[in-house]
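Scroll down for the structure; my scribbles are underneath it.
Read the numbers this way: they start at 1 and go in the same order the structure lists the ligands and their atoms.
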Amino acid sequence: MAGFTTTIVHADRRDGIEHNALHKPVHNNVAYGYDDPHELAAVFQGKQKGYSYGRQINPTVEALAAKVTQMEQGLGTVCFGTGMAAIGSVLFSLLRAGDHFVSSSFLFGNTNSLFNTFACQGLDVSFVDATDVENVRAAIRPETRLVFVETIANPRTQISDLNRIGALCREHGLVYVVDNTMTSPYLFQPRTVDASLIVHSLTKYIGGHGNALGGTVTEVGNFDWTSFPNIDPAYQSGNPQMWGLTQVRKKGLRDFGAAMSPDAAHHIAMGAETLALRQSRQCQNAAALCRFLDAQPLVHQVYYPGLPAHPQHQLAAELFRHPGALFSFELDPAIDVFAFLSELDIIVKSSHLGDNRTLAIPVAHTIYHEMGAERRASMGIADNLVRISVGIEDEADLLEDFSKALRAVEKSQ
Ligand SMILES: *Cc1c(COP(=O)(O)O)cnc(C)c1O
């Protein structure tokens, strides 16, 4: 089989495109017409492959979905307008009032907020420290249906006990949902730890250029949906491996309308071609910056799975191609974090991550502001914690930017 990048850059062409174009065209199209009304009916009844309506299906979006399926070596993928829409659609499509699910407590902030919203609507959630499978096991009850984890959590870079949680879910017949945004399929394929469904925010590393929002849900093909109690009889036909994803597509896209636009799909597909190149450079830069910062007296602690002192350093080395391109660090409490950030010139003060540009954000004052000081403390978010999403700039320029900012705040002490 061809390698990761070879497969992605030739995916459209191999599909056979009009005029021998190398890219799929952008089909900014909503409705599809059929000369034969029997055909129209057959498409709507799922008896014939075809296009029904833009909220449910679009050729440009389907081409991107096929790329993500290839990257994850899965069975099928559904695209959504954002990563949050993908996560929300999985839970609201597959769970019912009275069901319980277990989630890592080290979560993307908006996912945490979304799960608390679901908890107000009849789903029950337990947040546990998922770096140890025993915490997940202890939370399982008879009504537990699903486990949700991220690969590397942001901002503190905790890594879930991914393979052991996979084995636990298999043992208990639980849907294992892995948010692979932080690693991307280039660094890690959750299929290797027995994930059932993989979710992505394509907005981050896969798109990579900060110009389009998107999310996906990918079916891996190893979950027994015939024994899952919440599949609507309407979707219990055809290949049973696809029942879960079909329900996610019908409820998330057709009913809830969380669709991706064709323009976004095109931008993200272009970005995906260079995922491996960008991310290996970003990871190299991240490793160099962490080594540098770890040795600075004004930096108290650096959180990065590539450093030997990281609690899951060994696990990261076993599972991931590189330990990622995101890290965080605590400045000396005597330093004003805003004064330090103001001294950065190349590094952009921004909330995004996975971009070509290096981005810095004071976590407690921005993305974790709403949850309050107590919850922040329980999550290990110090007031002077800075998160860095490393870009593709030249390493020496990034090192110099940090070095200059540290010298400036040191002088003003
Ligand atoms: C950004 C992010 C999301 C949400 O994705 P959007 O595309 O911004 O909606 C979900 N999970 C993780 C881990 C993320 O980093």
Side-chain angles (χ1 to χ4, degrees), residues 61 64-65 68 72 77-92 103-118 127 130-131 147-160 162 177-188 190 195 197-218 252-253 256-261 263-265 267-269 271-272 275 279 282 286 303 305 320 324-328 350-355 359-361 363 366-368 370 379 381 387-391:
V61 176
L64 175 64
V68 175
E72 288 290 9
T77 296
V78 179
C79 292
F80 291 90
T82 65
M84 291 313 303
I87 294 168
S89 294
V90 166
L91 295 198
F92 111 97
S103 169
S104 166
S105 53
F106 308 123
L107 275 186
F108 179 63
N110 301 154
T111 306
N112 178 77
S113 170
L114 175 69
F115 288 178
N116 284 320
T117 305
F118 280 132
F127 292 105
T131 60
V147 174
F148 185 99
V149 301
E150 296 179 0
T151 53
I152 307 178
N154 131 41
R156 283 276 311 268
T157 71
Q158 299 95 334
I159 296 172
S160 301
L162 290 159
V177 184
V178 177
D179 182 336
N180 195 25
T181 301
M182 291 294 296
T183 20
S184 97
Y186 177 59
L187 300 190
F188 175 62
L197 297 172
I198 302 163
V199 298
H200 278 289
S201 166
L202 307 176
T203 317
K204 312 291 171 54
Y205 290 100
I206 294 180
H209 295 71
N211 57 358
L213 291 158
T216 43
V217 180
T218 298
L253 292 184
F256 198 65
M260 171 186 280
S261 82
D263 283 313
H267 281 304
I268 293 166
L275 169 62
Q279 209 172 13
Q282 288 164 326
Y303 301 102
F320 308 149
L326 181 132
F327 69 89
S328 58
S350 171
S351 70
H352 186 40
L353 60 89
D355 197 270
L359 314 172
I361 189 160
V363 176
T366 55
I367 48 179
Y368 282 75
E370 185 182 294
M379 295 179 81
I381 311 288
R387 184 189 79 192
I388 305 293
S389 167
V390 181

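If you look at Phe327 and Tyr303, their ring centroids are not closer than 6.0 Å.
Considering backbone and side-chain N/O of Glu150, none are found under 3.5 Å from N/O of ligand 1. On a distance-only criterion, Asn154 and ligand 1 share no N/O pair closer than 3.5 Å. Distances between N or O atoms of Gly83 and those of ligand 1 include at least one value under 3.5 Å. Backbone and side-chain nitrogen or oxygen atoms of Leu353 are examined, and none is located within less than 3.5 angstrom of a nitrogen or oxygen of ligand 1.
The closest protein non-hydrogen atom to atom 4 (C) of ligand 1 is Phe108 CE2, 3.5 Å. Of all protein heavy atoms, the one lying nearest to atom 12 (C) of ligand 1 is Asp179 OD2, 3.5 Å. Of the protein's non-hydrogen atoms, Met84 N, 3.0 Å is the one closest to atom 9 (O) of ligand 1. Atom 7 (O) of ligand 1 has as its closest protein heavy atom Thr203 OG1, 2.6 Å. Protein heavy atom nearest atom 14 (C) of ligand 1, with residue, atom name and distance: Lys204 NZ, 2.9 Å.
Proximity of a side-chain donor or acceptor of Thr82 to a complementary backbone N or O of Ala85 within less than 3.5 Å is detected. Between the side chain of Ser184 and the main chain of Tyr186, a donor-acceptor pair closer than 3.5 Å is present. Glu150 places a side-chain N or O within 3.5 Å of a backbone atom of Phe108 that can act as its donor or acceptor partner.
Classified by interplanar angle (parallel below 30°, tilted 30° to 60°, perpendicular above 60°), the ring pair Phe115/Phe127 is parallel.
When heavy-atom distances to ligand 1 are checked against a 4.0 Å cut-off, Ile87 comes that close only through its side chain, counted from C-beta outward.
Distance check: Thr157 OG1 to Phe106 CZ gives 10.5 Å after rounding to the nearest 0.5 Å.
Heavy atoms of Ala85 come nearer than 4.0 angstrom to ligand 1 in no pair at all.
No side-chain heavy atom of Val363 sits less than 4.5 Å from a side-chain heavy atom of Ser328.
Residue-ligand proximity, Ser201 to ligand 1, at heavy-atom distances under 4.0 Å covers atoms 1 (C), 2 (C), 3 (C), 4 (C), 5 (O), 6 (P), 7 (O). For ligand 1 and Gly214, the ligand atoms under 4.0 Å from any heavy atom of the residue are 7 (O).
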*Assess whether ring pair (Phe, Tyr, Trp, His ring centres under 6.0 Å) is satisfied between Phe118 and Phe92, documenting all intermediate values.*
CA-CA 8 Å; Phe118 280 132; Phe92 111 97; 7.3 Å; no
*Verdict with supporting geometry, Thr181 and Ser201, side chain to side chain donor-acceptor pair (under 3.5 Å)*: CA-CA 6 Å; Thr181 301; Ser201 166; 5.0 Å; no
